[in-house]
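Have a look at the structure below before the remarks.
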Amino acid sequence: MYTDIIQQNFGNVLSFEMKKLISKLFSKNTTFSDLVWYIRNSAFELGRNLVSTIIEIVDEALAKTPRVLKLYRVKTKRHRVINTQLGVIEFDRTYYINKQTGKYYFLLDALLGIEKYRRIDLRLRVKLCQFADSHSYQTACNLCHNVVSKTSVMNFLREIKQVLKDEIIVKKSDEKPPKVLYIEGDEDHVKYQDGSSHYEKMIYIHEGYKRIDKNRRVLINPYCIIGSYSGSDGNEMLWDNVSLYIKERYGEDALTKIKIYFTSDAGKWLRTCSDWLNVVEVLDKFHIVQACRRAVGGEFKWNKGNNKLKEWVFDGNWEMVETFKLVYLSDPILPERRLRKARKQFNYLLKNQKYIDNIRNDDYDGDSTEAHISHWLAARDSSRPSVWSKEGLDSVMFIRCCRINKVDIYEEYCRKQAENRKKKQIEKFDKRINKKTTLNSKYVDKIHTIKSENVGIQILLRMIGNEKMVNV
């Protein structure tokens, strides 16, 4: 019945649009690009009309169901306007009053999951947040045709982060756990609005590298965690999240059965990893090469320009490194500033020689820490002049993590909202029960009325769409 109405309306509109399209095609100045643009706009308009028609038909069907007629009385019709990815959609829906409790409901909103007081559809809000992951708030607004202000985009980001609450969203692996796991970490220096500089920490876990061509390789099953995590408490939370992810994805015994390499620049906060996880620490190659270059100031290149100090370090020839250090630092010609700088770099290499030697292990697959800091972190928060609030930066980085980890923000947001609604209903019901120590019959009847009403609405919504029930 209602399907036939929708098909008839859709067919009439489509036929009309096709006639307009054909007349447009034979006009003199129509180009291919013009044609594509016209079809795009027509499709969007058709989609908006179709959504409005379906909503109003469902609302009409809902009003005729026996259960609604028995429990509710029509109060009035209310107009609703919602911005979506198709554009602005307008429709009317019925406002009901419960005959028993006197409470007011939009049953159509409950059926379709339309949020109260929202004029921006959830998928459009998620789209704006995904644009803000890589662009400024204002650019995100421009890309979505300025349907909201940049302040609204900021609020959407914070809202999504608040709802999901930095949850470790893990897709459990059905495959056999790998023998070796890799953790890499580093930080970026970010300016806050008060003029101070802070760390934005990044840890990512993966199963190694897969080569896709001669000069390029990609991470296998990466998972990224980004945040400020300041202080000792922050470090504890960060490593707890890392261990939780590994256990959730690879099993409770993964931390003891899987060999884990941890690659970093041996910074103070990064060295705390070994206090929480059983890892083999490795110094990343970028900082090794950088220290070798700074130690000799770009000098002492033999054999076609190779830095001999770098060769000795990667080969594990530490006797030659120590000998060269004594010879180089005893040069009376070098200025004091150059000596201080060289001494610092030599000490850095010798202090971390155990971690550098682990690079030569057969099952170590290399690192890409600095490259990912640049592309995943610095590209958004510090590569352009910008200052941040802590909450704003953490919100943007949370969305960025979701993209890197291939998390469907829309699905997770809906799931979490459903959990929160269920939790609030339980808490509200418990408060009603605990309000009186001795329940009289009137109070019990009231609870049963509320509970049966909620169950009745749920049953009713599940039955919507059944034409046999609608036509009763």
Side-chain angles (χ1 to χ4, degrees), residues 180 182-189 202 204 206 208-219 259-271 273-274 279-378 383:
V180 182
Y182 302 88
I183 303 175
E184 300 182 35
D186 206 346
E187 74 281 333
D188 192 21
H189 301 268
M202 182 181 79
Y204 61 99
H206 60 96
Y209 295 86
K210 177 175 66 176
R211 188 165 292 281
I212 58 176
D213 58 38
K214 182 179 178 181
N215 299 316
R216 189 167 176 241
R217 57 183 190 165
V218 295
L219 300 177
K259 185 177 182 180
I260 302 175
Y261 280 102
F262 177 58
T263 306
S264 69
D265 61 2
K268 186 177 179 180
W269 73 270
L270 291 160
R271 295 293 291 275
C273 176
S274 57
V279 296
V280 179
E281 294 189 60
V282 182
L283 193 67
D284 72 85
K285 291 182 180 179
F286 173 85
H287 286 89
I288 296 173
V289 174
Q290 185 185 67
C292 292
R293 187 180 68 251
R294 288 178 174 178
V296 296
E299 302 171 0
F300 295 96
K301 293 183 179 180
W302 304 288
N303 298 333
K304 299 181 182 180
N306 293 330
N307 187 315
K308 293 298 292 183
L309 177 59
K310 183 176 73 173
E311 291 182 10
W312 294 331
V313 168
F314 280 113
D315 291 340
N317 192 349
W318 296 106
E319 291 183 4
M320 278 300 299
V321 174
E322 291 182 356
T323 302
F324 181 71
K325 172 189 173 183
L326 294 174
V327 173
Y328 185 79
L329 296 180
S330 62
D331 189 344
I333 301 176
L334 294 177
E336 183 61 28
R337 183 179 178 183
R338 173 91 278 278
L339 288 173
R340 284 199 306 271
K341 189 173 183 179
R343 188 178 294 109
K344 180 181 178 181
Q345 301 304 321
F346 277 117
N347 291 340
Y348 177 75
L349 292 169
L350 293 169
K351 183 177 67 174
N352 294 299
Q353 66 181 62
K354 180 176 70 172
Y355 308 132
I356 296 173
D357 288 339
N358 289 331
I359 292 176
R360 297 194 300 277
N361 291 357
D362 293 335
D363 54 358
Y364 182 69
D365 209 11
D367 68 85
S368 54
T369 314
E370 289 297 322
H372 284 101
I373 279 288
S374 176
H375 290 285
W376 284 354
L377 199 57
S383 65

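Nothing here was measured: the structure is a model prediction, and the numbers come from that model.
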Which donor-acceptor pairs under 3.5 Å do the side chains of residues 342-350 make with protein atoms, sequence neighbours left out?
from: N347; atom 1: OD1; to: K325; atom 2: NZ; distance (Å): 2.9
from: N347; atom 1: ND2; to: R343; atom 2: O; distance (Å): 3.1
from: Y348; atom 1: OH; to: D265; atom 2: O; distance (Å): 3.0

Non-neighbouring partners of H375 that pass ring pair (Phe, Tyr, Trp, His ring centres under 6.0 Å), sequence neighbours left out: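 Listed in chain order: nothing, the list is empty.
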Backbone N/O of Y355 and side chain of N352: donor-acceptor pair under 3.5 Å: no
Closest non-hydrogen atom pair, [X] against [Y]:
| X | Y | value |
| --- | --- | --- |
| W269 | D186 | CZ2-O, 3.5 Å |
| L339 | Y328 | CD2-O, 4.5 Å |
| C292 | L309 | O-CD2, 3.8 Å |
| V279 | S274 | CG2-CA, 4.4 Å |
| S264 | L270 | CB-CD1, 3.7 Å |

Value rounded to 0.5 Å, distance of CZ in R293 from CD1 in I288: 13.0 Å
Taking the side chain as C-beta and beyond, is there a heavy-atom pair between [X] and [Y] under 4.5 Å?
| X | Y | result |
| --- | --- | --- |
| I260 | Y182 | no |
| M202 | D188 | no |
| I356 | K354 | no |

Pairing residues for R360 by the salt bridge (Lys or Arg N to Asp or Glu O under 4.0 Å) criterion, not counting sequence neighbours: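 Salt bridge (Lys or Arg N to Asp or Glu O under 4.0 Å) check on R360 returns D357.
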Pairing residues for E187 by the salt bridge (Lys or Arg N to Asp or Glu O under 4.0 Å) criterion, not counting sequence neighbours: none
All pairs passing side-chain hydrogen bond (donor to acceptor under 3.5 Å, both in side chains) where residues 362-372 contributes a residue, at least two apart: E184-T369, Y204-S368, Y204-H372, Y209-S368, K259-D363, Y261-D363, T263-Y364, S368-H372
Neighbour count above 12 (heavy atom, 6.0 Å) for R211 CZ: yes
Residue among E322, E319, M320 satisfying side-chain contact (heavy atoms from CB on, under 4.5 Å) with W312: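 Of the listed options, the one satisfying the test is M320.
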side-chain contact (heavy atoms from CB on, under 4.5 Å) evaluation trace for K285 with F314: CA-CA 9 Å; K285 291 182 180 179; F314 280 113; 4.2 Å; yes
Residue list, side-chain hydrogen bond (donor to acceptor under 3.5 Å, both in side chains) with D284, at least two apart or on another chain: H287
